[in-house]
Undergrad: 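I'd like to ask you about the structure that follows.
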There are 2 protein chains.
Amino acid sequence: MQIAVLLYDRFTTLDAVGPYELLGRLPGAETVFVGKERGPVYGDQGSLALVAEKTLAEVTNPDIVLVPGGPGDQDAMADEEILAWLRTVDAGTTWTTSVCTGSLLLGAAGLLQGRRATSHWLAYEELATLGAEPTGERVVFDGKYVTAAGVSSGIDMALHLLGRIGGDELAQSVQLLTEYDPQPPYDAGSPDKAPAHLVEQWRDTAALPA
Amino acid sequence: MQIAVLLYDRFTTLDAVGPYELLGRLPGAETVFVGKERGPVYGDQGSLALVAEKTLAEVTNPDIVLVPGGPGDQDAMADEEILAWLRTVDAGTTWTTSVCTGSLLLGAAGLLQGRRATSHWLAYEELATLGAEPTGERVVFDGKYVTAAGVSSGIDMALHLLGRIGGDELAQSVQLLTEYDPQPPYDAGSPDKAPAHLVEQWRDTAALPA
């Protein structure tokens, strides 16, 4: 089984690394980080680069594709080489997945037409313009298309996928070994839970502090 | 404010990227990934490299140091260059932090003598041999020393630190924007909660599936 993680300029690093950390531990899985060119691809904070080991042309038939989000999403959505690659690999995947605004790339590639999907909470409207039906759920399965909400939600998505692919005990083992027993000191992780004035503030600015 | 993240061969990538994603958004903070040499440093799964932008010698006075864990911990604990660097930077830090078995490196450098600290649940005994007093808490503050439990716990640690450094509203904003509203589909994230036979199995093998 091959898992391909797409990297593009100004992606959000945790979108990719969160699910990778868990999903990459599927027995027998090979994960490959893929970019337009081989070499370092910088995330949205500018201080961290992940290395693309293969070019798009070198990875054509993964079983799972994972598309992270990030402020670079708009440029990536306008990049026909990336969109064509997504369509090509999607034709052969068992699971086509995204985290955060990675779903906008899937939508721009035409892969979410009429499908239930999610994205970062600030991107629901844009997701709808791409033909998807946005939901507020944290992880959304619609056939083989699996989309997760903002940034950290990819970890939950990975556990769901581990369970479906490898069974409950594998998923529980990986959860135990990564000690994924979340205890956030605040309860502000969704627009329904965060203080209303912060939600409004970020609706207005729509950008992460960097 | 400078945040230095140490990279070494076969570190666990989420240990570093989880807290980086949140903590790096501190207004005015500069994050630098540091290694023995500049260039790609491969994580424990072998398929993902993060780029060290600076060498140890180039980063001598960070305000925060973050040490990830991983199966490479034993080699790193035997590397006097790394231990000497940890002692040097610790002399000037505001916060000295670790995730997972990163605390073993801090312990090996002599920085946790008599301090309350934590680590991956499989590493409590080894942590004690290094002079620390292991606790089962997810995030442990002892003065400026902040240690987190296994892998994913670094995200919780980052929220605690954001609150202490930048205030509750900053921490809540970052939690909202990273949608850190965890909804794991299983409740197996600690040895107290996971099925007992899985806990025993991993106590015996003490290694992540890879």
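Chain A is the first sequence line, chain B the second, and so forth, proteins listed ahead of strands; every chain is numbered from 1.
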Undergrad: Among B:D168, B:V32, B:D187, single out the residue with the greatest number of heavy-atom pairs under 4.5 Å to chain A.
TA: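 Most heavy-atom pairs within the cutoff with chain A belong to B:D168.
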Undergrad: Within this structure, what is the CG-CG distance for the pair B:L122 and A:L176, rounded to the nearest 0.5 Å?
TA: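 Spacing of CG (B:L122) from CG (A:L176) equals 7.5 Å.
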Undergrad: Can you tell me how far the CG atom of A:D181 sits from the CH2 atom of B:W121, to the nearest 0.5 Å?
TA: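 Here the interatomic distance stands at 12.5 Å.
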Undergrad: Heavy-atom distance under 4.5 Å to chain B: side chain of A:Y20, backbone, both or neither?
TA: both
Undergrad: I need the contact set between residues 123-144 of chain A and chain B: heavy-atom distance under 4.5 Å, sorted by residue number.
TA: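 Checking residues 123-144 of chain A against chain B gives A:R138.
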Undergrad: Nearest 0.5 Å please: distance from the CD atom of A:E21 over to the CG atom of B:D15.
TA: 7.0 Å
Undergrad: Quick check: does any side chain N or O of B:H160 sit under 3.5 Å from a backbone N or O of A:P184, one acting as donor and the other as acceptor?
TA: no
Undergrad: For A:P191, is it the side chain, the backbone, both, or neither that has a heavy atom closer than 4.5 Å to a heavy atom of chain B?
TA: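 Both parts, heavy atoms under 4.5 Å.
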Undergrad: What part of B:V199 lies closer than 4.5 angstrom to a heavy atom of chain A: side chain, backbone, both or neither?
TA: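 Backbone plus side chain of B:V199, per the 4.5 Å heavy-atom cut-off to chain A.
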Undergrad: To check you understand the geometry: which heavy-atom pair defines the closest contact between A:D156 and B:P185, and what is its length?
TA: O-CD, 4.1 Å
Undergrad: Heavy-atom distance under 4.5 Å between the side chains of B:S153 and A:Y180, does that happen here?
TA: no
Undergrad: Considering only heavy atoms, which portion of A:Q183 lies under 4.5 Å from any heavy atom of chain B: side chain, backbone, both, or neither?
TA: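 Both the backbone and the side chain of A:Q183 come within 4.5 Å of chain B.
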Undergrad: Whether the side chain of A:E179 engages the backbone of B:S152 through a donor-acceptor N/O pair (distance < 3.5 Å, no angle test) should be reported.
TA: no
Undergrad: Of the listed residues (A:G46, A:P40, A:A149), which shares the most heavy-atom pairs with chain B below a 4.5 Å separation?
TA: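 Sorted descending by pairs with chain B, the first entry is A:A149.
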Undergrad: Taking the side chain from B:H120 and the backbone from A:L177, do they hold a donor-acceptor pair closer than 3.5 Å?
TA: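 Between the backbone of A:L177 and the side chain of B:H120 there is a qualifying donor-acceptor contact (under 3.5 Å).
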Undergrad: Find the distance between CD (B:Q175) and OH (A:Y186) and round it off to the nearest 0.5 Å.
TA: 9.0 Å
Undergrad: For the residue pair B:T178 and A:L14, establish whether any side-chain heavy-atom pair is separated by less than 4.5 Å.
TA: no
Undergrad: First locate atom OG of B:S47, then atom NZ of A:K54, and finally report the distance between them rounded to the nearest 0.5 Å.
TA: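 NZ of A:K54 is found 12.5 Å from OG of B:S47.
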Undergrad: Hey, does B:V51 have a side-chain heavy atom less than 4.5 Å from the side chain of A:V51?
TA: yes
Undergrad: For chain B, which candidate among A:I155, A:V5, A:T31 shows the most heavy-atom pairs at distances under 4.5 Å?
TA: A:T31
Undergrad: Can you tell which part of A:E30 gets under 4.5 Å to a heavy atom of chain B, answering side chain, backbone, both or neither?
TA: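 Contact with chain B is absent: no heavy atom of A:E30 under 4.5 Å.
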Undergrad: When rounded to the nearest 0.5 angstrom, what is the spacing between CD in B:E53 and CG in A:L48?
TA: 8.0 Å
